[in-house]
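Indexing begins at 1, ligand by ligand and atom by atom, following the structure's order. Position 1 is the first residue of the sequence; numbering continues from there. What you see below is based on every heavy atom in this structure, not just the backbone, and it leaves out hydrogens, waters and symmetry mates.
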Amino acid sequence: MTRKHNFSAGPAALPQAVLARAQEEMLDWHGKGLSIMEMSHRSQEFVSVAETAEQDLRDLLDIPANYKVLFLQGGATSQFGMVPMNLLRGAATADYIDTGIWSGKAIEEAARYTRVGLVASSKAENYTRVPTQAELKLNPAAAYVHYTSNETIGGLEYDYVPETGEVPLVVDMSSDILARPIDVSRYGLIYAGAQKNIGPAGLTVVIVREGLLGNTLAGTPTMFDYKVHADADSMNNTPPTFAWYMTGLVFKWLKEQGGVEGIAKINARKAARLYAAIDGSDFYANPIAPANRSIMNVPFTLADSSLDKLFLERAEAAGLLNLKGHRSVGGMRASIYNAVSEESVDALIAFMQEFERTAG
Ligand SMILES: *Cc1c(COP(=O)(O)O)cnc(C)c1O
């Protein structure tokens, strides 16, 4: 068996050690004679898996006690609707910052429930940078301010946390949660689909300040009410038990890497080397303002786009998978989440240099 270098944007690479552990435990979890997938979510065994995963996430992100951690389904896309349903709390408007495709989708969904205040947008600059704090036209009457900390498709990441005063800050952190330390107390709510930087698809993590719960829009379905999930320890109905278990294994693995501080150093090295390789060549290019370049998703184009197909073919033959850029932007994209090793990034850089030499 050879594991290849996987640069998938999501569902994305998982740590090999986590997959191996799951394989070991697959048929007989901890000597119980059955797999974790075959147990009741209410069993003592699964409840301990669930609680350990939550505690490990609390440790990793230093989550304050007045925040609930929810393990939900429906992906980040469901959060686009759940956020306004739960957090409008009678206000007539909510503020959004537009930095690309994912923030755009969040805005579109929120507009079904409220008047959206567009605080700032970098659309006119083709989303090549993040609006600065000084550019944010914040409305103190807004229910909350929403932004997308990392635009997974554009490869654009905030280099600061917006300051919103008394107005709760909400972030879609789907593709850069756990990539570097954050101060959870700056946020009212953080959400992230698991399949980029947390675990397998099927699980969505929400971290929410308790005081924001319990005032949903009339008609909100029970399953879309955060308080219902908070009160039921995310077991109001059957949760995605296997994804939750796998996520718990990823959290343990992250702790072994020195936690979020440890992985942040590795992520910084990976991104710096890859961007340096792109910038050091006339053959490859990345359009994003250096301060706002994503450390997780690195899009790049070839100077001669007629070579794109050959690049992808040779990359695949060399064991480098999933480098095709998103259909909306074209070119290439290397997603280098936590589970993508420095060796994989170095293999990509060596391949790019070789390709430039032989095909350029
Ligand atoms: C992938 C992604 C989403 C959508 O996630 P789903 O789990 O497919 O709903 C939303 N926002 C960001 C930033 C993403 O990267």
Heavy atom of K105, distance to ligand 1 below 4.0 Å: no
ring-ring contact (aromatic ring centres under 6.0 Å, His included) assessment of H146 paired with Y96: CA-CA 5 Å; H146 178 283; Y96 279 74; 4.7 Å; yes
Donor-acceptor contact below 3.5 Å, side chain Y337 vs main chain A9: yes
Modelled atom types, side-chain donor and acceptor of S294 and N150, under 3.5 Å: yes
Nearest non-hydrogen protein atom, atom 14 (C) of ligand 1: K196 NZ, 2.9 Å
Donor-acceptor side-chain pairing of N126 and T128 below 3.5 angstrom: no
Contact partition for T204 relative to ligand 1, non-hydrogen atoms under 4.0 Å: neither
Protein contact to atom 7 (O) of ligand 1 [nearest heavy atom, distance to 0.1 Å]: Q195 NE2, 2.9 Å
Ligand 1 contact by I153, heavy-atom criterion under 4.0 angstrom: no
Atom 11 (N) of ligand 1 - nearest protein heavy atom and its distance: D172 OD2, 2.6 Å
Polar proximity ligand 1 side, A76 side, N/O cut 3.5 Å exclusive: yes
Ligand 1 N/O within reach of T152 N/O, cut-off under 3.5 Å: yes
